[in-house]
J.: 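Attaching a single structure in structure tokens format; questions to follow.
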Amino acid sequence: MAPPKVLMVAEKPSIALSIASSISGCQMHSRKGSTDVHEFEGMFIGLPAYFKVTSVIGHVFSVDFPAKYQDWSATDPIDLFQAPIQKTEANPKAHICRHLSQEAHGCSHLVLWLDCDREGENICFEVIQCTGFQANDARRKVHRARFSSVTGKDILKAMSCLVEPNKCEALAVDARQEIDLKVGVAFTRYQTGYFQGKYGDLDSRVISYGPCQTPTLGFCVQRYLQITTFKPEKFWALRPHIMVDGYELQLEWERHRLFDMDVALMFQKLVLQDRILEVTDMSEKQESKGRPPGLNTVNLLKIASSALGFGPQMAMQLAERLYIQGFISYPRTESTAYPSSFDFKGTLGALANNPMWGDYVQGLLSDGYHKPQSGTDAGDHPPITPMRSANEDMLERDAWRLYQYVCQHFLGTVSPNCKYTRTKVEFSIGGEFFHCIGLHVTVKGFTSIMPWLAVSEKNLPQFAKGDKIEVSKVELFEGQTAPPDYLSESELISLMEKNGIGTDASISAHINNICERNYVQVQAGRKLVPTALGITLIRGYQCIDPDLCLPDIRGFIEQQINLVAKGEADHSCVVQHVLEQFKQKYSYFVKQIDNMDALFEAQFSPLADSGRALSKCGKCLRYMKYISSQPSRLYCGTCEEVYYLPQKGTIKLYKELTCPLDNFELLIFSMAGPEGKSFPLCPFCYNSPPFEGIDTLFGVSKTGSSGKLGKGTGMPCFLCPHPTCRHSLIAQGVCACPECNGTLVLDPISAPKWRLYCNMCNCLVLLPQGAHRIATTRERCPECDSTIIEVDFNKNTTPLEDGATLHSGCILCDDLLHSLVEVKHGKSFFKRAGRWARARGRGGHRGRGRGLGKMDPKMSFRDF
DNA sequence: GCAAGGTC
């Protein structure tokens with residue numbers, strides 16, 4: 001009988017590899033799949049077995065609302081609190097679910113090697129679901145491996161005492177997912193809908209709310225408010241100076257400073273009257289500055305931000321690359337404690353020949369390195385350490401700087417502590433007491449490899465108790481208290497960590513989020529400065545319901561789901577209870593939104609006051625105002641109507657042409673970038689397509705008929721089937737797209753780099769370059785039905801005989817034109833969703849529903 | 001278009 005098959009699943013490919021290597025002693029066969037599968041023979045629970053080790057890539061599923069709730073305008077956000085939710089594959093392209101199901105086929109044991117944290121426990125059950133294993137099936141058993149680090153020793157130990165996955169912990173994660181989704185989405189949709197479009201200079205597409213991002217913003221705004229409400233106060237300090245052995249020494253006052261000038265002046269007078277200082281005491285203490293514990297992700301991010309100037313996302317990208325290249329160990333870890341089995345000698349050995357630290361490392365190896373400080377062990381990965389030696393030439397500049405820090409930090413952790421002697425000399429004069437401090441380093445220790453942490457030497461002259469010294473001058477220093485600086489990113493990371501906002505992996509995402517939403521800006525020195533929008537939002541929450549932006553909100557959710565994790569409360573009861581509370585907060589927020597709006601009104605300009613006149617409204621024939629802040633739009637002050645425009649590009653009036661359907665002036669929109677296409681549009685048609693079904697055919701169709709069209713959807717002229725308008729698809733369409741079901745359309749303002757672009761995908765076709773004019777005609781090619789185009793060549797570069805410049809023909813069938821066109825791909829144009837049966841063709845009466853059918857071989861672009 | 005959590 002064949003030995004039983006055992007499927008083992010890890011959270012990421014790198015761990016699957018480590019586990020397989022450890023258990024098989026590197027005697028395995030690896031093959032590709034959605035994720036790699038490592039196979040080998042071995043012993044399982046005392047019997048011979050065939051092992052397959054593979055992995056997921058984080059969560060298999062993610063949670064969302066069913067399609068019915070996706071239409072923002074058709075769903076009242078309050079209904080989301082009771083809405084059903086569904087799990088869909090988090091990364092459908094990766095086909096992880098199918099992969100697991102296939103690999104599980106014929107296996108009689110499933111061993112779950114997911115990370116040993118709550119999220120990992122949740123992924124265990126996602127894996128169980130995909131593999132089709134059942135909880136209480138005697139023939140197909142599910143096991144959970146509990147490992148405290150990804151080292152050979154711990155892996156083998158976990159193998160020998162397999163347990164069961166913890167359903168309660170997994171349910172706690174389900175609860176968190178549902179609560180985060182419902183609360184975040186409900187508030188986000190509501191406040192976006194309320195404020196968006198109401199103020200002209202309010203620059204934001206989505207005004208998001210979230211139990212992590214909002215308190216994160218709260219920290220930044222809190223500091224901002226501290227700064228703006230700060231009232232500086234003057235203070236005074238006495239600073240006597242003495243001359244000893246030719247050096248001038250300034251003494252510190254025991255009273256430090258006083259906030260009353262008259263009193264300070266009185267003390268100065270007393271000191272000046274006495275003039276003689278007496279040494280009253282001298283003390284010497286041996287002090288020590290401890291070496292750092294191992295480096296974890298959060299501390300790496302803090303250092304990267306404060307010392308290297310890298311944002312968390314950039315730092316993680318650099319670290320990730322260094323990890324993949326084998327220069328450093330796995331960079332995502334919470335642990336600052338090294339596992340007992342950590343190979344310090346090996347790690348030091350790897351750096352022994354490094355040109356930068358080689359000598360220092362050899363010193364540590366010969367004199368004996370120190371055991372690192374204990375630190376905390378989160379049971380995940382060891383601290384971040386160098387894995388192999390690199391020099392400056394092997395890495396890019398930024399990667400090198402990060403690598404350098406990882407090395408210095410590691411060497412610091414195994415170096416001696418820094419030791420120094422601290423001398424304090426105390427003086428009295430005129431009844432007042434002063435002192436000075438001397439520092440003398442006796443052992444540099446780790447500070448010689450981390451010089452920025454060094455203790456600076458301060459030498460003092462020799463004093464003896466009872467010495468009498470004349471003061472040379474008594475300065476009355478006048479200073480002023482200063483507000484704190486803006487919150488630095490590294491301070492914010494500390495605050496988030498302390499308050500349990502986000503995880504080591506998600507902290508950078510939250511910070512990035514509040515930047516992208518235009519709530520804060522990162523300024524020089526990676527200081528976080530809140531924007532008017534960020535400040536107004538937080539002030540709004542503060543006056544309606546401060547809980548909404550306080551860090552405790554995350555704590556509250558955590559504390560509730562902890563009950564589920566510990567099995568002390570039922571999952572759905574807890575979810576219901578928490579959602580009920582948030583729903584009440586939501587209702588109250590909605591009821592009080594006027595209070596927040598008052599702050600917005602004070603900060604931003606109402607729509608009617610902003611923007612510049614751009615084009616004429618077809619209804620009242622007056623100019624409408626163009627509002628450039630996102631979402632960019634036109635506003636007709638007379639009709640009080642808003643017309644959304646395509647986003648992320650430039651918009652201009654199009655030769656004062658008007659739409660034959662509604663009399664609105666046409667605009668021309670150019671997408672950003674050198675390859676960006678341009679197309680005409682009518683503001684009215686774009687927002688309310690006049691032909692049934694157009695809005696659902698082009699790209700995004702989620703907005704529905706009553707929704708605010710225009711944010712990436714709508715009907716530009718290149719989709720319009722108007723039979724006679726010069727700008728419609730019928731007039732400007734040339735031929736079928738070689739790549740999709742779309743139509744190639746002439747870019748009307750592409751001269752002199754004339755081109756066609758597809759109205760559905762990103763296909764681009766270059767036409768004869770440098771021509772004076774290229775235009776579509778009403779003629780069709782008798783052979784392939786493409787539109788005949790007319791080219792007026794430049795007279796200096798014309799390919800025509802006798803200097804003729806005018807030529808008409810079909811770009812597919814005319815030999816000359818065919819030889820002058822070239823297919824190119826631009827940046828993605830619009831979503832390639834939906835099939836639009838083209839209205840290309842005579843008179844445009846072909847309408848919808850008629851497919852393209854087999855392509856005429858002559859239409860093929862293969863020869864290009 | 002929306003949250004937060006994995007991971008790449």
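To find a chain, count down the sequence lines: A is the first, B the second, and so on, and within it residues start at 1. Since the model is a prediction, treat every value here as computed from it, not as a measurement.
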J.: Rounded to whole angstrom units, what separation is found between the CZ atom of A:Phe582 and the P atom of B:dA3?
T.: 15 Å
J.: As a test of reading the structure: which of B:dG6, B:dA3, B:dC8 is closest to the side chain of A:Pro13, going by heavy atoms?
T.: B:dC8
J.: Could you check A:Asp115 against A:Leu80 and say which one's nearest nucleotide on DNA chain B is further toward the 5' end?
T.: A:Leu80
J.: Would you say A:His59 reaches B:dA4's phosphate, i.e. side-chain N/O to OP1/OP2 under 4.0 Å?
T.: no
J.: Donor-acceptor check, side chain of A:Ser101 to backbone of A:Cys97, threshold 3.5 angstrom: yes or no?
T.: no
J.: When all nucleic acid strands are considered with a 4.0 Å heavy-atom cut-off, which category describes A:Asn122: base, sugar-phosphate, or nothing?
T.: nothing
J.: From the options B:dC8, B:dG6, B:dC2, select the nucleotide whose nearest atom is closest to the side chain of A:Glu119.
T.: B:dG6
J.: Let me know the distance between CD1 of A:Ile179 and P of B:dG5, rounded to the nearest Å.
T.: 13 Å
J.: Testing the 3.5 Å rule here: is there a donor-acceptor pair between the side chains of A:Asn122 and A:Arg118?
T.: no
J.: Out of the candidates A:Met316, A:Glu334, A:Lys302, only one should pair with A:Thr297 under the side-chain contact (heavy atoms from CB on, under 4.5 Å) rule; please name it.
T.: A:Met316
J.: For B:dA3 and A:Arg176 - does any side-chain N or O of the residue sit under 4.0 Å from the phosphate oxygens OP1/OP2?
T.: no
J.: Would you mind classifying the nucleic acid contact of A:Arg517 as base, sugar-phosphate or nothing, using non-hydrogen atoms under 4.0 angstrom?
T.: sugar-phosphate
J.: So A:Phe187, base contact, sugar-phosphate only, or nothing? Heavy-atom distance under 4.0 Å.
T.: nothing
J.: Among B:dG6, B:dC2, B:dA3, find the nucleotide with the atom closest to the side chain of A:Val206.
T.: B:dC2
J.: Does the ring of A:Trp72 lie flat against the base of B:dG1, closer than 5.5 Å centre to centre with planes under 30°?
T.: yes
J.: Taking only N and O in the side chain of A:Gln213, is any of them less than 4.0 Å away from OP1 or OP2 of B:dA3?
T.: yes
J.: Can you figure out which of B:dC2, B:dA4, B:dT7 approaches the side chain of A:Val185 most closely?
T.: B:dC2
J.: To the nearest angstrom, how far is A:Gln313 atom CD from B:dC8 atom C1'?
T.: 13 Å
J.: If you check every side-chain atom of A:Ala90, which of B:dC2, B:dG6, B:dC8 has the closest atom?
T.: B:dG6
J.: Need one value for A:Val183: base, sugar-phosphate or nothing, where a base atom within 4.0 Å counts as base even if backbone is also close, heavy atoms only.
T.: nothing
J.: In whole angstroms, how far is the P atom of B:dA4 from the CD atom of A:Glu178?
T.: 16 Å
J.: With sugar-phosphate meaning primed atoms plus P, OP1 and OP2, does A:Pro77 contact a base, only sugar-phosphate, or nothing at under 4.0 Å between heavy atoms?
T.: nothing
J.: What nucleotide, of B:dA3, B:dT7, B:dG1, holds the atom closest to the side chain of A:Lys12?
T.: B:dT7
J.: Could you pick out which residue, A:Phe65 or A:Ile123, lies toward the 5' side of DNA chain B when each is mapped onto its nearest nucleotide?
T.: A:Phe65
J.: Contact class for A:Gly502 (heavy atom, under 4.0 Å): base, sugar-phosphate, or nothing?
T.: sugar-phosphate
J.: Just say parallel, tilted or perpendicular for the rings of A:Tyr541 and A:Tyr209, cut-offs at 30° and 60°.
T.: perpendicular
J.: Side chain of A:Tyr586, backbone of A:Val183: donor and acceptor closer than 3.5 Å?
T.: no
J.: Measure the distance from CZ on A:Arg554 to C1' on B:dA3 and round it to the nearest whole Å.
T.: 9 Å
J.: Check whether any side-chain nitrogen or oxygen of A:Thr503 sits under 4.0 Å from OP1 or OP2 of B:dG6, and answer yes or no.
T.: yes
J.: Send over the distance from A:Gln177 CD to B:dG5 P, rounded to a whole Å.
T.: 10 Å
J.: Here's one to test your reading of the geometry: is the NZ or CZ of A:Lys198 within 45 degrees of the ring axis of A:Phe600 and under 6.0 Å from its centre?
T.: no
J.: Out of B:dG1, B:dA3, B:dG6, which nucleotide sits closest to the side chain of A:Leu181?
T.: B:dA3
J.: Between B:dC8 and A:Tyr330, is there an OP1 or OP2 to side-chain N/O distance shorter than 4.0 Å?
T.: yes
J.: Let me know which of A:Ile511, A:Thr503, A:Asp504 forms a side-chain contact (heavy atoms from CB on, under 4.5 Å) with A:Ile507.
T.: A:Ile511
J.: Rounded to the Å, how far apart are A:Arg118 CZ and B:dA4 C1'?
T.: 14 Å
J.: Please give, in whole Å, the distance from B:dC8 P to A:Gln325 CD?
T.: 16 Å
